[in-house]
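Below: one structure, written as structure tokens.
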Amino acid sequence: MKVHGKPMRTVWVEADGWSVGIIDQTHLPHALVTLRLTTLDEAAHAIRSMQVRGAPLIGAVAAYGVCLGLRADASNEALERTCTLLQETRPTAVNLRWALDEMRRTLRPLAPGQRVAAAYQRAAALADEDVAINRAIGEHALGLIASAWERKGRQGQVNVLTHCNAGWLATVDWGTALSPIYQAHDSGIPVHVWVDETRPRNQGASLTAWELGQHGVPHTVIVDNMGGHLMQHGQVDLCIVGTDRTTARGDVANKIGTYLKALAAKDNGVPFYVALPSPTIDWTLEDGVRDIPIEQRDGREVTDVSGRLPSGEVVTVRVTPEGSPVANYGFDVTPARLVTALVTERGICAASTEGLLSLFPERRPVKETGT
Ligand SMILES: CSC[C@@H](O)[C@@H](O)C(=O)COP(=O)(O)O
């Protein structure tokens with residue numbers, strides 16, 4: 001998408017042909033800072049410290065992290081060590097595992113001398129695939145926004161509520177949940193976004209608001225607890241969120257607080273959609289509440305907030321009493337029964353085993369035939 005009018009992705013190979021450029025998202029929205037990653041450890045740190053974040057982007061940066069790791073040592077052992085180190089950076093988003101599995105599958109059969117070039121090629125292809133997937137998700141979900149606009153008799157605006165950041169900053173480009181919003185805006189549908197601030201790290205207030213603003217999409221930042229009130233008063237036409245891992249039966253892990261929005265949406269008859277690139281589907285899991293590992297992060301994300309002073313200085317301040325214990329689960333799981341539909345790059349389906357298999361028939365278990 002565009003920043004100050006110029007097209008930009010969230011991850012790229014620098015002009016030297018090997019180091020990896022990223023936007024350091026910890027500085028947004030106050031400053032657009034880019035970083036050059038040169039080692040595996042820097043790539044792992046970028047993911048762990050959330051300089052890059054968002055399920056699809058984590059996968060893409062991990063793929064480039066493999067490239068950087070193999071530049072130092074392309075042996076079989078190093079490939080395994082590299083993938084293990086990157087895999088352990090963040091546990092919930094399954095795109096990370098998916099991207100590393102793809103890299104391993106491509107690289108293992110090759111001789112060490114061939115691996116670095118092949119790794120860069122595969123990482124670039126994964127990044128390009130992510131862009132294509134997200135564009136397609138947007139095209140499918142655009143119909144949902146267009147229908148809401150028709151239902152309103154083309155009066156006023158379509159109000160969409162989103163949680164966390166599932167925009168282009170969370171992917172290589174376009175975003176998942178925000179892709180249809182950009183496409184609706186570009187096609188002339190008056191769309192307005194309620195942006196949940198998304199405590200504790202404020203991905204909504206800092207990132208979603210910033211990227212929507214860059215693209216000129218009307219939006220309003222709200223505190224996380226306001227969505228239910230807006231829904232009760234008819235001010236939300238639909239919700240669209242992203243996901244970090246979706247099980248084979250359609251349970252959805254996403255940023256902490258998503259579940260409460262889905263409950264409120266159900267209670268108020270507001271459609272609740274999840275934008276879902278296929279690498280985010282974990283076909284090995286069924287019951288998301290029971291089986292999806294939920295990341296617990298540093299308590300300082302809860303005790304402290306950071307922001308910019310009028311002087312321009314960015315500072316961190318404490319909001320809780322010294323000594324009060326805190327809990328910081330990063331994600332929650334929204335059961336499939338609360339999800340109106342899933343939007344994938346192949347189309348829209350019910351949040352159910354059958355729904356997902358109708359779009360991904362190659363995943364249907366092969367029945368054993370008696371001989
Ligand atoms: C396309 S993004 C979907 C999710 O990754 C997004 O909603 C989210 O929860 C991101 O969490 P984060 O902790 O910022 O990596």
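Remember, predicted model here, so these are calculated numbers, not experimental data. Counting starts at 1 for both ligands and their atoms, in listed order. Computed over heavy atoms, backbone and side chain alike; hydrogens, waters and symmetry mates excluded.
- Checked by atom type, the side-chain pair Ser278/Glu345 shows a donor-acceptor distance below 3.5 Å.
- Ring orientation note: the planes of His192 and Trp194 are nearly perpendicular, at an angle over 60° on the 30°/60° scale.
- In this structure, ligand 1 sits under 4.0 Å from heavy atoms belonging to Met50, Arg53, Gly54, Ala55, Pro56, Arg90, Cys164, Asn165, Ala166, Ala170, Thr171, Thr176, Gln203, Gly242, Thr243, Asp244, Asn254, Lys255, Phe331.
- At most 12 non-hydrogen atoms from other residues, nucleotides or ligands lie less than 6.0 angstrom from CZ of Arg300.
- Listed by chain and residue number, nothing satisfies the ring-ring contact (aromatic ring centres under 6.0 Å, His included) test with His219 (two or more places apart in sequence, or in another chain).
- Both cation-pi conditions hold for Arg36 and Trp18: the charged atom is under 6.0 angstrom from the six-membered ring centre and inside a 45 degree cone around its axis.
- Both the sub-6.0 Å distance and the 45° axial angle are satisfied by Lys255 relative to the ring of Phe331.
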